[in-house]
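Some notes on the structure that comes next.
Within every chain, numbering begins at 1; the chains are lettered A, B, ... in the order of the sequence lines, protein sequences first and strands thereafter. Because the structure is predicted, anything quoted here is derived from the model rather than measured.
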There are 2 protein chains.
Amino acid sequence: MAHSKRDKQTTHERIVSVAAKRFRERGLDGIGVADVMKEAGVTVGGFYKHFGSRDELVVEALATAFKDLDVWEEHTEDMVQLLQNYLTEAHRDAPGTGCAMGALLGDITRGSKSVRALYTERVKRSLAFSSALLPSSQRGDKRCRALLILSALLGAINLSRAVSDPSLSREILHGVRDELIGLVKPANAQASPNPIPGL
Amino acid sequence: MAHSKRDKQTTHERIVSVAAKRFRERGLDGIGVADVMKEAGVTVGGFYKHFGSRDELVVEALATAFKDLDVWEEHTEDMVQLLQNYLTEAHRDAPGTGCAMGALLGDITRGSKSVRALYTERVKRSLAFSSALLPSSQRGDKRCRALLILSALLGAINLSRAVSDPSLSREILHGVRDELIGLVKPANAQASPNPIPGL
DNA sequence: ATTATCTATAGATCTATAGATAATGC
DNA sequence: ATTATCTATAGATCTATAGATAATGC
């Protein structure tokens with residue numbers, strides 16, 4: 001026990017990293033500080049030397065979880081690729097390392113002011129990112145299209161995790177994915193603004 | 001104290017009714033049995049004469065909350081009407097009496113087997129209902145379109161409740177609503193398979 | 001001397017149970 | 001006599017704090 005200042009920082013990072021994972025898996029109320037500390041390899045007593053309150057950990061963990069989204073966006077080149085990566089069984093089954101906006105969607109409403117503010121900023125960033133990925137020739141407003149896509153992605157990943165029927169879960173992921181791809185794809189014959197006669 | 005069998009039944013219904021409202025507002029873990037009993041006008045000690053466990057109350061309350069959806073569906077004549085009623089600020093601000101699929105979306109994943117099974121059945125009913133409302137001439141699969149609409153509705157209502165910026169919240173509701181209406185509308189010039197001349 | 005972490009526990013909250021009380025209903 | 005509800009509490013869990021311990025770092 002009683003290590004250096006440098007060690008304290010890595011301990012702190014370990015605590016936040018464990019929390020960022022477990023909160024996404026079990027919800028913001030789904031794991032207590034004692035269990036987080038234990039999984040980080042320390043005991044509960046030191047917690048308040050690291051955080052002023054439990055909610056401070058929640059805020060830090062949320063910020064850390066959002067970093068995964070920044071990385072995700074950096075590796076995303078177009079909207080179809082984003083849709084194909086987001087709506088997968090692998091993502092559905094790994095909420096702890098997946099999209100925190102999705103994993104915590106339902107928890108945020110009941111969260112603290114700071115938690116909601118942080119989440120709100122992340123939503124704004126995602127909307128800006130999605131808008132920028134959409135083709136400018138798209139009919140209608142790019143902003144509204146981005147709002148629809150974000151809502152559908154968050155709804156579908158949550159729904160696919162909620163239902164207990166595996167084949168329905170798969171159907172949700174693939175159905176919504178294909179439907180959204182159909183909306184953003186450079187529009188083949190079917191959906192052209194100038195319909196080709198006979199189709 | 002100590003009323004008739006008839007009174008027990010109405011007490012039971014009052015407990016479930018309070019729970020159906022509060023669970024939607026605060027989540028399945030957001031209110032304890034003591035507070036539910038108190039709001040129903042009884043004390044906590046009688047709880048286990050009404051329910052075998054807390055989870056039994058959750059299941060009954062969920063079933064009761066879903067009855068509001070049955071009523072909603074009965075009063076819904078077309079998809080545009082459904083979208084216009086669902087994605088409103090009034091609905092966003094009244095989760096306790098609103099759509100339970102939306103209010104509890106994020107909680108179900110961590111719910112009991114019975115809770116998830118009940119939720120899953122309700123999702124299946126909603127998908128069948130939405131499919132039936134869609135015009136059969138719609139390009140693409142009606143089933144996939146219904147999956148997209150349900151995901152977008154649940155995602156948007158949750159997102160509008162989560163964000164702390166009121167104007168963003170409004171934008172989500174109205175943007176997704178208009179975008180979905182654009183997808184299902186008997187299609188003006190842009191996307192109609194059988195465009196009516198002059199419309 | 002300071003401090004990072006430890007053991008121990010206070011105090012709040014929650015589910016579930018035990019036993020008492022006062023009506024109902026054969 | 002049965003039973004619907006009551007008061008009271010056991011036992012588990014959780015956040016937060018107090019004080020001890022054993023390293024670090026001036």
Legend entry - Candidate pair B:Glu121 and B:Leu118, rule side chain to side chain contact (heavy atoms under 4.5 Å, CB included), full reasoning: CA-CA 5 Å; B:Glu121 287 315 302; B:Leu118 189 60; 5.6 Å; no
Inset, instruction - Verify whether one side chain among B:Ser112 and B:Asp55 offers a donor that lies under 3.5 Å from an acceptor in the other. - result: yes
Legend entry - Near-strand residues of residues 106-118 of chain B, defined as heavy-atom separation under 4.0 angstrom from DNA chain D: none
Inset, instruction - Mark yes or no for whether B:Thr120, through its side chain, and A:Ser164, through its backbone, hold a donor-acceptor pair below 3.5 Å. - result: yes
Legend entry - The single option from A:Glu13, A:Gln9, A:Arg14 passing side-chain hydrogen bond (donor to acceptor under 3.5 Å, both in side chains) against A:Thr11: A:Arg14
Legend entry - Distance in Å, B:Cys144 SG paired with B:Ile149 CD1, rounded so as to fall on 0.5 Å steps: 11.5 Å
Legend entry - Note, A:Glu171 side chain near A:Leu168 side chain (heavy atom, < 4.5 Å): yes
Legend entry - Sub-4.0 Å heavy-atom contacts from residues 32-65 of chain B onto DNA chain D, ordered by number: B:Val42, B:Thr43, B:Gly45, B:Gly46, B:Lys49, B:His50
Legend entry - Presence of salt bridge, A:Arg110 and B:Asp107, under 4.0 angstrom: yes
Legend entry - A:Ser4 vs C:dT3: side-chain N/O to OP1/OP2 distance below 4.0 Å: no
Inset, instruction - Please work out the stems of DNA chain C from pairs that are Watson-Crick or G-U wobble with both distances under 3.5 Å, keeping only runs of three or more consecutive pairs. - result: C:1-24 with D:1-24
Legend entry - pair A:Arg116-B:Arg161: side-chain heavy atoms closer than 4.5 Å: no
Legend entry - B:His174 side chain reached by B:Glu89 side chain, heavy atoms, under 4.5 Å: yes
Inset, instruction - Can you tell me the distance, in whole Å, between the CG atom of A:Leu28 and the C1' atom of D:dC14? - result: 16 Å
Legend entry - Protein-nucleotide distance (A:Asp7, atom CG; C:dC6, atom P), rounded to Å: 12 Å
Legend entry - Value rounded to 0.5 Å, distance of CZ in B:Arg92 from CG in B:Leu87: 11.5 Å
